[in-house]
There are 2 protein chains.
Amino acid sequence: MKDVADLASVGTITVSRVLRTPEKVSEAKRNRVQKAIEQLGYVPDNTAGALSSNKSRVFGAIVSTVNDSVFAQTLDGLSSTLRAAGYELLLTSTNYDPALEEDALRALLARRPDGIVLTSTSHSSGVKNLLKSVNIPVVEIWQLPSQPLDIAVGFSNFQAGYDMARHLIGKGKKNIAFIGGNERGNDRGRRRRDGYIAALADAKLPPIIWPSEEQGSPSGIELGAAVFEGCLKVNPAINALMCVSDQVAVGVICEAKRRGVEVPGGLSVSGFGGFELAMSSGFDLTTIEIPGREIGVASAKALLNPEAARAKKVIDVGYTLVERGTT
Amino acid sequence: MKDVADLASVGTITVSRVLRTPEKVSEAKRNRVQKAIEQLGYVPDNTAGALSSNKSRVFGAIVSTVNDSVFAQTLDGLSSTLRAAGYELLLTSTNYDPALEEDALRALLARRPDGIVLTSTSHSSGVKNLLKSVNIPVVEIWQLPSQPLDIAVGFSNFQAGYDMARHLIGKGKKNIAFIGGNERGNDRGRRRRDGYIAALADAKLPPIIWPSEEQGSPSGIELGAAVFEGCLKVNPAINALMCVSDQVAVGVICEAKRRGVEVPGGLSVSGFGGFELAMSSGFDLTTIEIPGREIGVASAKALLNPEAARAKKVIDVGYTLVERGTT
DNA sequence: ATTAACCTTGGTATCGATACCAAATCAAGA
DNA sequence: TCTTGATTTGGTATCGATACCAAGGTTAAT
């Protein structure tokens, strides 16, 4: 920066101002500085800037996985919105292991981010203390906790689960099973299941949950394929499967076709998430569509303007129950 | 850090050493320092450390999209391997727009990363100059360029495309079309297509490519569904579709079922990528499986140990042609 | 012509760590 | 006991920007 300043015959501080608040510098000097920057191929050093201004222009994200297509849309929205505003994203994934969250957070905080995004909503006390001691916006996404740490952006997984169960009940189904969502660390799936349980209770129907908490189980498509041996064999009366995710639902449908079970005639199937495959040119799956990208964009806005977001505290982006051919 | 040093009655530099090279500090002082760190809830400031040591312990990644499941595995492998070594990942996505690459790179370099990962392999001269002027490892992934900028980790999309076309030819198909892969910025898809063209030329068969470069087209599943109207109608003799990705192949298969076209009887279909759905509990799709996570892990290792990686220059992780029920 | 208010500009201290060098301590062998 | 080399420790300068404050220049009103 000194070199640029010398070449343009100005003080270093003027160079700094050209980069951050160009409107406060006279046009003549601004042009000289910009030419010098170009000529020297100067790339500012943000680590130094972060140190002196106490603003890193970086946000941290701790996600349970990047390996989920709807979830990836959130990341996409988050990162593009932030980058448009001149910020970058430090990404860390915990692979659904809550024990890693504190470590990951500590590592992130060492980079002094200007804010944090978390996909989990249940946190260890260590995590809570760390977040309380730093004074930066914290956005929890994809699930609306009753007591957000700071700001929350998402939708009610409980209500969505409830609605979907009501939809199946409305179709005249009496033996509806809920498939999946019992992995530890997956509080979103669990909330959906709770919504399902509540809806069935309201309709005075018995809930059927598979696999049970204790059983280890495959996940995603494999889980859907395993349903026929593991769940329908035990309870052949089941005529509707409400799956915790579209992936599971797709596994169910593939296996149903293989076995000649008619969908939705013999078995109704619903998904959750709205991943590309669910749509009509794919499986034509009844599902809950989540505006994944919008969650990312809204969280980015919350990070960039925490005061406005804190006024709301909870930003509900909603969801859409899309009825298609499988129910 | 000063506070910690005072509380433990040592110099600040000793605190620094406890954090970075604990084996060089006597056990007594090390314990005192660690207790003081705990007691004060001290979280080191890496921005300051980066400034003075010229090492940020952060790597930058510029990806074309996070929104692709096999690709997400790469990110996953990359980020977990780096985090295990005490590094973090700064993620930026260009959404397949090559024009954004230079901006994104500039923004990343301002954060002074210790290395860069790029998913694209064709770069503007601005990008090349920037990368040349910084002296950090640069890893290009998912495609092996003939002239890597520095280090490359991936596999030959050309060879994989060639192999898959050979496979279809070996099944006795004579009218094989290649579907997709003409989006600008997607050099990987293009290389697969080139492999297909070469294989057909070697077998003296005419290549059929759809959609053509000029036409705009939907992508992913939608594209697969559109094949029947857009491609097979024009050329009903086609009896095998080699799709640029599993997503496209899945779209084809769904639409084929809807139209009562038998797969592989009437139409063979192959995919590319090995996304979860392709496997036998899903679509039972013949595809090229890419070790996505391994690419991530190998790139992380290359970043962490560039000297060793530079000795090889190009790290080929290979691929597997998995023959299943659709061909 | 003078004064006040505003805008533009630059000097210097500072952010919180690490690098580099020098001093102090320790262990082992003469 | 003294010397030597290895190990442990601390002081001080430094990384490259920004914050803060003060000074000079300009404009408009009196």
Side-chain angles (χ1 to χ4, degrees), chain A residues 1-34 36-37 40-58 86-88 106-107 109-114 133-136, chain B residues 1-34 36-37 40-58 86-88 106-107 109-114 133-136:
Chain A
M1 183 178 259
K2 184 78 173 50
D3 295 346
V4 173
D6 289 349
L7 182 59
S9 319
V10 296
T12 58
I13 189 72
T14 302
V15 176
S16 172
R17 275 194 274 254
V18 168
L19 291 166
R20 292 179 305 150
T21 52
E23 72 282 1
K24 292 198 170 175
V25 178
S26 70
E27 201 183 323
K29 295 211 178 185
R30 191 168 58 226
N31 290 339
R32 283 214 319 264
V33 169
Q34 260 153 358
I37 287 177
L40 296 175
Y42 166 72
V43 176
D45 186 333
N46 185 268
T47 60
L51 183 58
S52 68
S53 70
N54 214 21
K55 283 183 192 99
S56 59
R57 301 186 76 78
V58 164
Y87 288 75
E88 295 289 324
R106 221 171 261 282
L109 290 180
R111 270 80 188 185
R112 295 292 185 267
D114 291 343
S133 66
V134 295
N135 205 22
I136 53 176
Chain B
M1 184 178 257
K2 184 79 171 52
D3 294 346
V4 173
D6 288 350
L7 182 58
S9 321
V10 297
T12 57
I13 188 73
T14 302
V15 176
S16 172
R17 275 195 274 253
V18 168
L19 291 166
R20 293 179 305 152
T21 51
E23 73 282 1
K24 291 197 169 176
V25 178
S26 69
E27 202 184 321
K29 296 213 178 185
R30 191 168 58 224
N31 290 340
R32 281 211 323 262
V33 169
Q34 260 153 357
I37 288 177
L40 295 175
Y42 167 71
V43 177
D45 186 333
N46 185 268
T47 61
L51 183 59
S52 68
S53 69
N54 214 19
K55 282 183 193 102
S56 61
R57 301 186 76 77
V58 165
Y87 287 76
E88 296 290 323
R106 220 173 261 283
L109 290 180
R111 271 78 187 187
R112 296 292 186 269
D114 291 343
S133 67
V134 295
N135 204 20
I136 53 175

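Small disclaimer: the values here were computed from a predicted structure and weren't measured. Naming: A, B, ... by sequence-line order, numbering from 1 per chain.
Contact annotation: B:Arg57 does not reach the phosphate of C:dA17 (side-chain N/O to OP1 or OP2, under 4.0 Å). Side-chain N/O atoms of A:Lys29 include one lying less than 4.0 angstrom from OP1 or OP2 on C:dG10. Within the 4.0 Å cut-off from OP1 or OP2 of C:dG10, not a single side-chain nitrogen or oxygen of A:Lys2 is found. At least one side-chain nitrogen or oxygen of B:Thr14 sits closer than 4.0 Å to the OP1 or OP2 atom of D:dG10. Residue B:Arg20 places at least one side-chain N or O under 4.0 Å from the OP1 or OP2 atom of C:dA19.
Between B:Pro113 and B:Ser56, the shortest heavy-atom contact is CA-OG, 3.5 Å.
Across all strands shown, B:Lys55 has no heavy atoms under 4.0 Å from either base or sugar-phosphate atoms.
Nearest-nucleotide mapping onto DNA chain D: of A:Ile13 and B:Lys24, the residue sitting toward the 5' end is B:Lys24. Checking B:Ser26 against A:Val15, the closest nucleotide of DNA chain D that is more toward the 5' end is the one next to B:Ser26.
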* Would you please test B:Val25 and B:Val33 for side-chain contact (heavy atoms from CB on, under 4.5 Å) and show each step? => CA-CA 10 Å; B:Val25 178; B:Val33 169; over 6 Å; no
* Could you walk me through whether B:Val43 and A:Val134 pass side-chain contact (heavy atoms from CB on, under 4.5 Å), step by step? => CA-CA 10 Å; B:Val43 177; A:Val134 295; over 6 Å; no
So which protein nitrogen or oxygen atoms get under 3.5 Å of nucleotides 13-16 of chain C's nitrogens or oxygens?
residue : atom : partner : partner atom : Å
C:dC15  : O2   : A:Ser52 : N            : 3.3
C:dG16  : N2   : B:Ala48 : O            : 3.2

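Within 6.0 Å of atom CG in B:Asn31, more than 12 heavy atoms from other residues, nucleotides or ligands are found, so the atom counts as buried in its surroundings. Counting non-hydrogen atoms of neighbouring residues, nucleotides and ligands closer than 6.0 angstrom, the CG atom of A:Asp6 exceeds 12 such neighbours.
Residues passing the salt bridge (charged side-chain N to carboxylate O under 4.0 Å, His left out) test with B:Arg111, sequence neighbours excluded: none.
Put simply, CZ on B:Arg32 is 15 Å from P on D:dT8, counting in whole angstrom units. Atom-to-atom, CZ of B:Arg17 to P of D:dT8 comes out at 10 Å; the value is rounded to the nearest Å.
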